Amino acid sequence: MGATTMDQKCLWAGLVVLLLLQGGCAYKLVCYFTNWSQERHEPGKFTPENIDPFLCSHLIYSFASISNNRVVIKDKNDMMLYQTINNLKTKNPKLKILLSIGGYLFGSKGFHPMVDSSSSRLEFINSVILFLKTHNFDGLDVSWIYPDQKDNTHFAMLIHELAEAFQKNLVKSTQESLLLTAGVSAGRQMIDNSYQIKRLAEELDFINLLSFDFHGSWEKPLVTGHNSPLRKGQLDRGTSSYYNVEYAVGYWIRKGMPAEKVVMGIPMYGRSFTLASAETAVGAPASGPGAAGPITASPGFLAYYEICQFLQGAKITRLQDQQVPYAVKGNQWVGYDDVESIETKVQFLKTLNLGGAVIWSIDMDDFTGKSCNQGPYPLVQAVKRNLGSL
Ligand SMILES: *[C@@H]1O[C@H](CO)[C@@H](O)[C@H](O)[C@H]1NC(C)=O
């Protein structure tokens with residue numbers, strides 16, 4: 001009798017532990033939002049007040065920068081931003097909000113000379129902790145785009161020293177330690193040369209794998225290709241075989257990053273080309289980037305809300321091998337993601353037990369619902385629906 005009671009107690013304890021673990025095992029939906037999207041004109045103008053506090057499990061503000069070895073936000077509406085962060089977290093206490101440092105424009109040079117000596121790194125890390133605590137952020141995302149081979153050691157040291165310092169510093173509201181993540185490359189050469197993956201695996205809470213920009217109008221010779229194909233294309237040979245999500249995810253894992261720490265990138269934008277001939281397939285000759293979108297105004301690049309407009313009267317083809325769509329209208333070609341390709345991608349990441357999905361970026365989804373007629377946030381909602389519980 002006594003023994004039975006004991007067993008039952010253990011069983012119950014086991015169940016409670018299981019339930020708690022399941023809570024901890026839910027997939028992450030990490031959403032980057034950019035500070036420059038507030039400057040776009042309607043319907044692209046996006047401010048943090050537009051964010052639904054229950055849409056994502058993690059939000060990442062992009063980007064802060066470094067000045068005199070200190071972290072700084074040069075946002076025009078920074079006071080509003082800090083207020084909004086606190087409001088979002090009051091509405092959803094489980095929501096994590098991180099600050100990302102770096103980005104494409106900041107580049108690799110922005111991290112120098114800060115990373116080059118231990119005293120300047122210490123100065124930086126102290127400023128980060130003070131900043132995160134003052135403004136109620138839950139952690140830091142290091143988006144060094146990208147460390148090259150000679151930065152390999154300094155990148156690892158920076159992460160190591162940040163991780164050590166973060167463990168000693170708890171977030172006031174939750175008493176949890178500050179989160180540390182990194183936005184990392186999906187290029188095989190970079191994965192080989194820039195990252196000490198086994199060390200990073202121990203020190204980062206997770207990586208945001210930037211698994212897009214595999215093809216674009218920078219290619220030589222200039223031919224059409226998809227921004228973020230899930231799988232290798234039939235025509236891919238040699239190094240081209242690496243330019244897809246499946247390969248990049250697999251390679252990070254093979255090199256020692258635990259699957260549950262890999263958060264897979266899904267783009268809310270496409271990359272476009274101007275066709276040079278009547279050929280329209282993948283690998284067709286192009287004469288340059290596609291025409292700039294009316295709102296994002298950048299040649300070769302279209303936000304999802306611009307793609308929806310482009311699709312009217314366009315011919316859509318689904319690539320059976322790469323499992324993503326592209327569309328052609330006149331001499332314009334764009335490879336993009338939609339609800340269907342996102343379903344396939346999320347099923348893929350669940351099969352591999354990855355940590356979740358990271359969205360670049362929520363301000364490029366049709367967040368108003370006005371451009372695509374699929375309701376607000378059709379793509380982020382598709383990711384969320386297919387991930388299941390967050
Ligand atoms: C966004 O942040 C960058 C880097 O801190 C800054 O240079 C830029 O002016 C900011 N943009 C706006 C609109 O605040």
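Keep in mind that this is a model prediction, so the values were computed, not measured. Side chains are part of it too, since the values below use all heavy atoms of this structure and drop only hydrogens, waters and symmetry mates.
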Practice item. First locate atom OH of Tyr61, then atom OG of Ser100, and finally report the distance between them rounded to the nearest 0.5 Å. Key: 10.5 Å
Check: residues 279-291 side-chain donor-acceptor pairs under 3.5 Å, at least two apart:
residue : atom : partner : partner atom : Å
Ser287  : OG   : Thr274  : O            : 3.4

Review point. Distance from Phe367 atom CZ to Met268 atom CE, nearest 0.5 Å?
Key: 13.5 Å
Point to revise | Gap separating the CG atom of Leu55 from the CG atom of Leu29, nearest 0.5 angstrom | key: 6.5 Å
Review point. So, do Thr134 and Tyr82 sit near enough that their side-chain heavy atoms are less than 4.5 Å apart?
Key: no
Practice item. Using only heavy-atom distances, determine whether the side chains of Asp151 and Ser108 contain a donor-acceptor pair under 3.5 Å. Key: yes
Check your understanding: Going by an N to O cut-off under 4.0 Å, is there a salt bridge joining Lys370 and Asp366?
Key -> no
Review point. Will you find, in the side chains of Tyr251 and Asp192, an N or O donor that is under 3.5 Å from an N or O acceptor?
Key: yes
Review point. Roughly how far, to the nearest 0.5 Å, is CD of Gln374 from SG of Cys308?
Key: 5.5 Å
Check your understanding: Can Val263 be reached from Phe212 by stepping across I, L, V, M, F, W or Y side chains whose heavy atoms are under 4.5 Å apart?
Key -> yes
Review point. Hey, do the aromatic rings of His58 and Phe206 have their centres closer than 6.0 Å?
Key: yes
Check your understanding: Are Lys232 and Tyr247 in a cation-pi setup, meaning NZ or CZ lies under 6.0 angstrom from the ring centre and within 45 degrees of the ring axis?
Key -> no
Point to revise | Given Val184, Val245, Asn244, the one that forms side-chain contact (heavy atoms from CB on, under 4.5 Å) with Ser211 | key: Val245
Check your understanding: Do Ile266 and Ser341 come close enough that some side-chain heavy atom pair is under 4.5 Å?
Key -> no
Review point. Going through the checks in order, is the side chain to side chain contact (heavy atoms under 4.5 Å, CB included) test met by Leu204 and Lys261?
Key: CA-CA 8 Å; Leu204 291 171; Lys261 288 198 176 188; 5.6 Å; no
Check your understanding: Charged N to carboxylate O below 4.0 Å: is that the case for Glu176 and Lys96?
Key -> yes
Review point. Less than 4.5 Å apart, any side-chain heavy atom of Tyr336 and any of Leu302?
Key: no
Point to revise | Option among Thr47, Asp363, Asn50, Asp75 that satisfies the side-chain hydrogen bond (donor to acceptor under 3.5 Å, both in side chains) test with Gln38 | key: Asp75
Review point. So, do Ile97 and His135 sit near enough that their side-chain heavy atoms are less than 4.5 Å apart?
Key: no
Practice item. Measure the shortest side-chain to side-chain distance between Val339 and Glu343 over non-hydrogen atoms and say whether it is less than 4.5 angstrom. Key: yes
Practice item. Quick one: do Lys74 and Ser67 satisfy side chain to side chain donor-acceptor pair (under 3.5 Å)? Show the steps, please. Key: CA-CA 10 Å; Lys74 292 184 196 140; Ser67 175; 6.0 Å; no
Point to revise | Neighbour count above 12 (heavy atom, 6.0 Å) for Gln234 CD | key: no
Point to revise | Check: Asp52/Tyr377 side-chain N/O donor and acceptor closer than 3.5 Å | key: no
Exercise for review: Taking the side chain as every heavy atom from C-beta outward, state whether Ser177 and Leu170 have any atom pair closer than 4.5 Å.
Suggested key: yes
**Study point:** Single-linkage hydrophobic cluster Trp333~Tyr269, side-chain heavy atoms < 4.5 angstrom
**Key:** no
Review point. Can you tell me if Asn193 and Gln189 form a side-chain donor-acceptor pair at under 3.5 Å?
Key: no
Practice item. Take atom OH of Tyr243 as the centre, draw a 6.0 Å sphere, and report whether it contains more than 12 heavy atoms from other residues, nucleotides or ligands. Key: no
Point to revise | Contacts of type side chain to side chain contact (heavy atoms under 4.5 Å, CB included), residue Val71, not counting sequence neighbours | key: Ala64, Leu99, Ile101, Phe124, Ser127, Val128, Phe131
Practice item. Determine the sole option in Val383, Ile359, Val324 for which the side-chain contact (heavy atoms from CB on, under 4.5 Å) test with Ile342 is passed. Key: Val383
**Study point:** Partner residues of Ser298 under the side chain to side chain contact (heavy atoms under 4.5 Å, CB included) criterion, sequence neighbours left out
**Key:** Phe301
Practice item. Determine, using ring centers only, whether Phe63 and Phe106 are less than 6.0 Å apart. Key: no
Point to revise | Arg231/Asp321 ion pair, N-O < 4.0 Å | key: no
**Study point:** Glu219 CD: over 12 foreign heavy atoms closer than 6.0 Å
**Key:** yes
Check your understanding: Quick one: are Phe155 and Val115 in side-chain contact, heavy atoms under 4.5 Å?
Key -> no
Check your understanding: What is the distance from atom CG of Asp365 to atom CG of Asp337, rounded to the nearest 0.5 Å?
Key -> 11.0 Å
Check your understanding: Of all heavy-atom pairs between Val262 and Leu354, which one has the smallest distance, and what is that distance?
Key -> O-CB, 3.4 Å
